[in-house]
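Chain letters run A, B, ... following the sequence lines, proteins first, then strands; residues in each count from 1. Treat the numbers as computed from the prediction; the structure is a model and nothing was measured.
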Number of protein chains: 2
Amino acid sequence: MGGLLGLRKVKVKKPERLAMLAAQLKAEGVLHLKQAAERLGVSEMTVRRDLAAAPDTFHYLGGYILAPQTERDGLYRLDKENDEHAEAKDAACRRVAALIAPGDTIFLDCGTTTPHLIAYLPTEVPLTVVCYSLNIANRLAQRPNIRMILLGGLFHPAAQTFSGDEAIHAMEHLRINHAILSAGGVHDQQGVTCSNFNEVPIKQIAMQRALRKTLVIDSSKLRTVRPAFFAKISQFDEIVTENGLLPRASHQGA
Amino acid sequence: MGGLLGLRKVKVKKPERLAMLAAQLKAEGVLHLKQAAERLGVSEMTVRRDLAAAPDTFHYLGGYILAPQTERDGLYRLDKENDEHAEAKDAACRRVAALIAPGDTIFLDCGTTTPHLIAYLPTEVPLTVVCYSLNIANRLAQRPNIRMILLGGLFHPAAQTFSGDEAIHAMEHLRINHAILSAGGVHDQQGVTCSNFNEVPIKQIAMQRALRKTLVIDSSKLRTVRPAFFAKISQFDEIVTENGLLPRASHQGA
DNA sequence: TCCCATCTGTGACAATCTTCACAGAATATG
DNA sequence: CATATTCTGTGAAGATTGTCACAGATGGGA
């Protein structure tokens with residue numbers, strides 16, 4: 001250290017540094033990487049490495065360290081895992097949002113596509129949304145001015161959905177304008193399919209009771225098949241992907 | 001439009017974009033500038049300008065848009081606000097957990113007390129929990145090996161609960177061993193009361209159908225009254241507070 | 001229709017963040 | 001004390017982000 005006598009360097013080890021970081025963040029909420037490095041008396045590189053070693057303790061975004069978020073836990077697990085085509089799904093949902101009419105009672109399917117729609121739902125006009133997924137319900141709960149009806153029943157952790165006779169029975173008392181469904185596979189011959197058999201009855205009832213049926217998918221689903229069949233392509237009024245409406249020709253199949 | 005019928009170009013103006021951003025953030029907490037631009041269908045530059053025009057609405061750091069702190073954890077809002085007696089509630093729930101038998105089907109009330117119980121529910125033995133609150137459902141969903149049945153219906157944002165004839169109807173098909181209820185007020189003369197009238201029917205049905213009825217409260221609720229009456233003190237098999245069981249003498253009242 | 005004010009997209013440049021490899025320092029171990 | 005291991009700092013290259021100016025697009029009024 002350049003022979004500057006008396007300049008005592010205070011050495012702090014990793015666990016201690018992490019504790020100091022946590023304390024600073026508690027007080028300030030956000031810390032710039034450069035600040036953090038200065039305050040801890042180490043290089044930015046070291047701070048980076050510390051953070052990388054404790055990935056769950058802090059949030060790091062674009063040069064800033066954020067205080068850990070208390071509990072945003074498993075809420076949006078599904079999406080995070082399976083957002084391969086998140087952008088396509090989002091784009092498709094944006095198109096679907098334009099199809100929604102004021103005053104509609106909408107049935108909103110579960111899955112990883114339909115959650116994207118919620119951000120685009122209009123909130124200045126009356127709107128009722130019927131759903132059967134915990135994930136969807138959580139998002140709807142956070143939007144103002146949307147009447148939400150959740151079809152309850154037994155919870156299926158894998159899909160984060162509810163099912164049961166009661167849910168199906170409940171639907172029979174609802175007047176649905178517009179069912180917005182999604183699917184894991186859409187195939188000319190094999191029709192429209194999904195992965196979970198327990199979703200089939202509720203999807204079918206929803207389609208049966210809805211005046212208008214819209215299928216929203218990202219285009220990677222086209223020409224694929226999943227185990228559980230729930231509808232023919234021709235049963236839908238329109239099929240929306242990130243590229244727009246599917247040409248009507250396809251509707252003649254299956 | 002490449003022959004894709006009905007492909008409508010959606011033009012969105014600034015106020016609307018800000019609203020969409022806010023909604024997305026509410027749901028996801030963080031948004032990358034690039035994502036935001038794509039979802040809104042505008043350039044990154046425009047998003048930047050939008051953000052600059054509404055400096056108090058969003059947090060922006062190193063390429064990421066953050067939801068204001070308050071909205072990021074909307075999920076557990078209820079608790080945060082009203083956890084004055086959180087420790088007492090927690091202690092009371094710990095006592096209640098000891099009353100739960102393996103294989104029980106439990107009805108779990110909504111409110112700010114009952115969520116504390118969930119952490120203490122046993123997961124090594126079969127257990128079914130029936131609930132009607134989104135808050136409770138979210139917590140149960142995160143515990144393994146618990147069968148959860150959610151009574152659905154119309155969502156009430158203020159209390160984060162569901163209600164409706166269907167929910168009540170659904171209960172009639174369930175065999176409940178043990179109803180664990182909470183209350184906003186417990187009073188010798190006025191009985192057991194809560195704040196929301198729409199919770200009354202479901203609480204009453206649950207009590208009617210349950211073999212054992214436990215009331216769990218923190219002791220600050222004793223000798224207070226809330227607007228909605230739902231049971232007499234004597235209807236409960238036990239009343240548990242952070243200090244233990246309420247002496248049986250009190251059960252003679254109301 | 002034209003003009004004006006405003007909004008929006010683009011490209012260029014500067015500033016910053018990210019990652020990597022390497023070398024020196026600190027620490028542990030025998 | 002020597003060696004091995006781990007930890008830390010540095011600098012450079014590449015990717016990303018921030019800022020700015022300018023031009024085209026849009027949307028009212030006159």
Side-chain angles (χ1 to χ4, degrees), chain A residues 1-25 28-69 83 86-87 90-91 94-95 97-98 119-120 124 242, chain B residues 1 7-22 24-25 28-68:
Chain A
M1 277 288 109
L4 287 175
L5 305 176
L7 213 173
R8 180 191 340 167
K9 185 125 188 206
V10 185
K11 273 292 163 186
V12 193
K13 280 179 225 158
K14 184 151 77 184
E16 209 171 334
R17 286 198 306 261
L18 288 174
M20 288 169 71
L21 267 184
Q24 300 257 339
L25 284 173
E28 311 199 12
V30 194
L31 214 51
H32 195 271
L33 182 66
K34 192 185 287 180
Q35 294 178 323
E38 283 176 10
R39 298 196 191 178
L40 298 180
V42 296
S43 70
E44 297 183 21
M45 192 67 230
T46 299
V47 178
R48 278 178 200 282
R49 285 194 268 239
D50 285 355
L51 294 174
D56 298 328
T57 315
F58 305 98
H59 288 245
Y60 184 73
L61 285 181
Y64 294 84
I65 309 166
L66 303 181
Q69 221 153 336
D83 68 348
E87 289 171 22
D90 201 83
R94 221 176 311 143
R95 292 176 187 279
Y120 302 118
E124 315 78 33
E242 71 272 24
Chain B
M1 303 268 152
L7 216 173
R8 169 185 345 173
K9 182 150 186 193
V10 188
K11 265 294 163 187
V12 194
K13 279 179 225 158
K14 185 151 76 182
E16 208 170 335
R17 284 199 306 261
L18 289 174
M20 288 167 72
L21 266 184
Q24 300 254 342
L25 285 173
E28 312 202 9
V30 194
L31 214 51
H32 191 101
L33 181 66
K34 191 184 287 180
Q35 293 179 323
E38 283 175 11
R39 297 196 188 179
L40 298 180
V42 296
S43 70
E44 297 183 21
M45 191 67 230
T46 299
V47 177
R48 280 177 199 283
R49 285 194 269 239
D50 285 353
L51 293 174
D56 297 328
T57 314
F58 306 98
H59 289 245
Y60 184 74
L61 284 181
Y64 295 84
I65 311 167
L66 304 181

Rounded off to whole Å, could you give me the [atom1]-to-[atom2] distance for the [X] and [N] pair?
X        : N       : atom1 : atom2 : answer
Arg49(A) : dT19(C) : CZ    : C1'   : 11 Å
Leu40(B) : dC7(C)  : CG    : P     : 17 Å
Lys34(A) : dC17(C) : NZ    : P     : 6 Å
Leu33(B) : dG18(D) : CG    : C1'   : 10 Å
Glu44(A) : dG11(D) : CD    : P     : 13 Å
Met45(B) : dA12(C) : CE    : P     : 16 Å
Glu38(A) : dG9(D)  : CD    : P     : 13 Å
Asp50(B) : dT8(C)  : CG    : P     : 7 Å

Check the phosphate of [N] against [X], side-chain N and O only, distance under 4.0 Å to OP1 or OP2. Yes or no?
X        : N       : value
His32(A) : dT16(C) : no
Arg48(B) : dG18(D) : yes
Arg17(A) : dT8(D)  : yes

Practice item. Would you indicate which nucleotide in dG9(D), dT8(C), dC20(D) comes nearest to any side-chain atom of Ser43(A)? Key: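 Nearest nucleotide to the side chain: dG9(D).
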Check your understanding: Any side-chain heavy-atom pair from Val47(A) and Ile65(A) closer than 4.5 angstrom?
Key ->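 Val47(A) vs Ile65(A): side chains touch.
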Practice item. Looking at every strand, decide which applies to Tyr60(B) at a 4.0 Å heavy-atom threshold: base, sugar-phosphate, or nothing. Key: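 The answer is sugar-phosphate, as Tyr60(B) gets under 4.0 Å only of primed atoms, P, OP1 or OP2.
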What are the two closest heavy atoms between [X] and [Y], and how far apart are they?
X        : Y         : value
Arg95(A) : Glu242(A) : NE-O, 3.0 Å
Arg17(B) : Leu40(B)  : O-CD2, 4.1 Å
Lys34(B) : Glu44(B)  : CG-OE2, 3.7 Å

